[in-house]
Amino acid sequence: MRILIAGAGATGGYFGARLIQAERDVTFLVRPRRAEQLRDGLRLVGPGGEETVPVATVTAEALEGTYDLVIVAVKAGALPDMIDQIAPAMGPETMVLPFLNGMAHLQALTDRFGPARVLGGIVKVVATVADDGTIHQMHPIATLTLGPPFGQVTDRIRRIHRELSVSGMEASIAEDVVGAMWHKWAFITAAGVITCLMRAPIGDIVAAPDGEPFIRAVIAETEQVSAAAGHPMPGPEHDAMVGMLSAPGSGFTSSLYRDVTAGLPHEGEHLLGAFVATAAGLGVDIPLTALALLQLRAHDHATA
Ligand SMILES: NC(=O)C1=CN([C@@H]2O[C@H](COP(=O)(O)OP(=O)(O)OC[C@H]3O[C@@H](n4cnc5c(N)ncnc54)[C@H](OP(=O)(O)O)[C@@H]3O)[C@@H](O)[C@H]2O)C=CC1
Ligand SMILES: CC(C)(CO)C(=O)C(=O)O
C-alpha cells in the first residue's frame with residue numbers, strides 16, 4: 001500500500017517513523033527546509049530512547065502518481081494549502097485520513113474529495129518538534145483511531161487498519177468515529193480553555209482556591225455541547241478527562257496554550273472558534289469557553 005504522509009511534524013513524523021520501521025511504503029510530503037532536515041533520517045527521542053529512521057520525502061512540485069492512503073498531519077492553518085497539494089496524489093480509490101484535532105477539517109476534505117474518500121481519525125500522542133527537527137515524544141501513549149465518518153466500515157477501511165497496525169502504535173477502527181472525534185474535541189477544548197484562561201499548568205490551577213470548581217465548570221460546558229450534538233461523553237471518558245485535567249501537581253498544559261505562549265501559529269479558531277460557533281447553533285450557552293476565545297482573539301490582535 002503506497003502511503004503519503006502530508007506533514008512530517010510531531011504527529012506525522014512519529015506515526016510515519018513507526019510505519020517505516022515496520023517496512024510500510026511511506027513517503028512524507030514536505031517543504032524544502034524539512035526535506036533538508038530529514039536528509040540523514042528522522043530523529044525521534046522518547047521514552048523508548050533515541051533513534052534515527054531513514055525516510056523518503058517528496059515536495060509538492062515533485063509528486064508523482066497517486067497513493068492508496070494519504071494521511072494529513074498538519075495544523076489547521078496549513079490545511080487549505082495542503083488540500084491543494086495532495087489533490088494530485090488522490091486517485092479514485094485513495095482514502096484520506098486526517099490526524100487533526102477538531103471537526104471542521106472533515107467538511108473541508110469532503111467538499112474537495114467527496115465523502116467516499118474521506119476517513120475520520122484521531123491520534124493520541126504527546127509530541128513536539130524541536131528547532132533542529134528532532135521529534136520529542138513526551139509520553140509513551142501512541143494510539144490511532146480511524147473509521148468511516150459517513151457510512152459503514154468497509155473492506156478498504158479494514159485493509160488500511162491492518163496496514164497501520166504496527167509495533168510502537170496501537171491502531172483501532174471506530175464504527176462511530178465522529179463520536180470519537182467529538183469526545184477528543186470536547187477534551188482538547190476544555191484543556192485549552194482551562195490552561196489558556198488561567199495561564200498555568202493544571203497542577204497550579206488545582207492548587208488555587210476555587211481552581212477545581214472552575215475546571216469542572218469548563219468540562220461541563222464542553223460535555224454539554226458534545227451531548228447536544230448527539231455525542232454524550234461516555235462515563236469512563238468523562239472520568240479520564242476529569243482525572244487528567246484536575247490532577248494535583250500535574251504539569252500538563254494544552255498544545256494550544258503552549259503554541260500561544262511560544263508565539264507560534266495556533267489552532268484557536270479551528271478548536272475554540274468552531275466550538276463556540278457550534279454551541280451557538282445548538283443553543284448551548286458556554287460563557288467560559290467564549291471568554292477564552294475572546295481572550296485569544298484579543299491576544300492575536302495585540303500580537304499581529
Ligand atoms: N503534537 C501532538 O502531540 C498532537 C497533535 N495533534 C493534532 O495533530 C495535528 C497536527 O499537529 P502536529 O503534528 O503537532 O503539528 P506540527 O506543527 O508538529 O507538524 C505539522 C507539520 O506540517 C508541515 N506543513 C505545514 N504546511 C505544509 C505544507 N504546505 N507542505 C508540507 N508540510 C507542511 C510543517 O512543516 P514545516 O516544518 O515545513 O513547517 C510541520 O512539520 C493538529 O491538528 C494537532 O492539534 C493531535 C494529537 C497530538
Ligand atoms: C492532549 C493531546 C496531547 C493528546 O493526544 C493532544 O491531542 C494535544 O495536545 O494536541
Side-chain angles (χ1 to χ4, degrees), residues 7-15 33-34 37 42-47 72-79 98-105 122-143 184-208 211 214-215 218-219 222 240-276 288-289 291-304:
T11 55
Y14 177 81
F15 289 101
R33 189 190 64 93
R34 190 69 176 130
Q37 278 183 334
L42 186 152
R43 194 157 165 269
L44 192 62
V45 176
V72 178
V74 294
K75 289 205 165 145
L79 185 68
F99 279 179
L100 283 75
N101 280 321
M103 293 295 295
H105 54 282
I122 51 171
V123 289
K124 291 186 183 168
V125 64
V126 188
T128 189
V129 187
D131 288 344
D132 69 353
T134 301
I135 294 175
H136 291 267
Q137 185 197 11
M138 282 101 76
H139 185 279
I141 191 171
T143 70
K184 175 103 192 271
W185 189 21
F187 166 76
I188 206 81
T189 298
V193 170
I194 291 164
T195 54
C196 286
L197 271 184
M198 292 300 117
R199 301 252 163 242
I202 291 298
D204 293 314
I205 305 169
V206 179
F214 161 76
I215 288 170
V218 175
I219 291 173
T222 67
M241 163 147 70
V242 172
M244 190 162 172
L245 298 182
S246 57
S250 167
F252 178 83
T253 57
S254 67
S255 51
L256 178 61
Y257 173 73
R258 290 195 301 277
D259 285 344
V260 170
T261 48
L264 296 170
H266 62 74
E267 295 184 300
E269 289 299 332
H270 180 71
L271 298 176
L272 269 55
F275 203 85
V276 168
L288 294 169
T289 309
L291 182 63
L293 176 63
L294 173 60
Q295 187 213 48
L296 264 186
R297 286 177 173 167
H299 165 88
D300 288 350
H301 192 265
T303 53

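Quantities reported herein were computed from a predicted structural model and do not represent experimental measurements.
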L288 and F214: CA distance, side-chain angles, deciding distance, side chain to side chain contact (heavy atoms under 4.5 Å, CB included) verdict:
CA-CA 9 Å; L288 294 169; F214 161 76; 4.2 Å; yes
Check [X] against [Y] and note the closest heavy-atom contact, atom names and distance.
{"X": "P47", "Y": "P140", "answer": "CG-N, 3.8 Å"}
{"X": "L245", "Y": "A190", "answer": "CD1-CB, 4.0 Å"}
{"X": "V129", "Y": "A10", "answer": "CG2-N, 3.3 Å"}
{"X": "F275", "Y": "T289", "answer": "CD2-CG2, 4.3 Å"}
{"X": "W185", "Y": "L271", "answer": "NE1-O, 3.1 Å"}
{"X": "V206", "Y": "P248", "answer": "CG1-CA, 4.4 Å"}

Measuring from [X]:[atom1] to [Y]:[atom2], what's the distance to the nearest 0.5 Å?
{"X": "H136", "Y": "Y14", "atom1": "NE2", "atom2": "OH", "value": "14.5 Å"}
{"X": "K184", "Y": "L100", "atom1": "NZ", "atom2": "CG", "value": "10.0 Å"}
{"X": "Q37", "Y": "T134", "atom1": "CD", "atom2": "OG1", "value": "8.0 Å"}
{"X": "H266", "Y": "D300", "atom1": "NE2", "atom2": "CG", "value": "3.5 Å"}
{"X": "I205", "Y": "I202", "atom1": "CD1", "atom2": "CD1", "value": "4.5 Å"}
{"X": "I122", "Y": "T11", "atom1": "CD1", "atom2": "OG1", "value": "13.0 Å"}

Give a yes or no answer on whether the side chain of [X] reaches the backbone of [Y] with a donor-acceptor pair at less than 3.5 Å.
{"X": "H299", "Y": "T261", "result": "no"}
{"X": "R34", "Y": "G7", "result": "no"}
{"X": "Q295", "Y": "V193", "result": "no"}

Do the non-hydrogen side-chain atoms of [X] and [Y] ever get within less than 4.5 Å of each other?
{"X": "V260", "Y": "R199", "answer": "yes"}
{"X": "E269", "Y": "R297", "answer": "yes"}
{"X": "K75", "Y": "D259", "answer": "yes"}
{"X": "V218", "Y": "L197", "answer": "no"}

Knowing that exactly one of T128, V125, L42 qualifies, which makes a side chain to side chain contact (heavy atoms under 4.5 Å, CB included) with I135?
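Only one of T128, V125, L42 forms a side chain to side chain contact (heavy atoms under 4.5 Å, CB included) with I135, namely L42.
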Describe, in one word, how the ring planes of H105 and H270 are oriented to each other, choosing from parallel (under 30°), tilted (30 to 60°) and perpendicular (over 60°).
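Taking H270 first and then H105, their aromatic rings sit tilted (interplane angle of 30° to 60°).
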Are S254 and T195 linked by a side-chain donor-acceptor pair shorter than 3.5 Å?
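Their side chains do contain a donor-acceptor pair, which is all the 3.5 Å distance test asks for.
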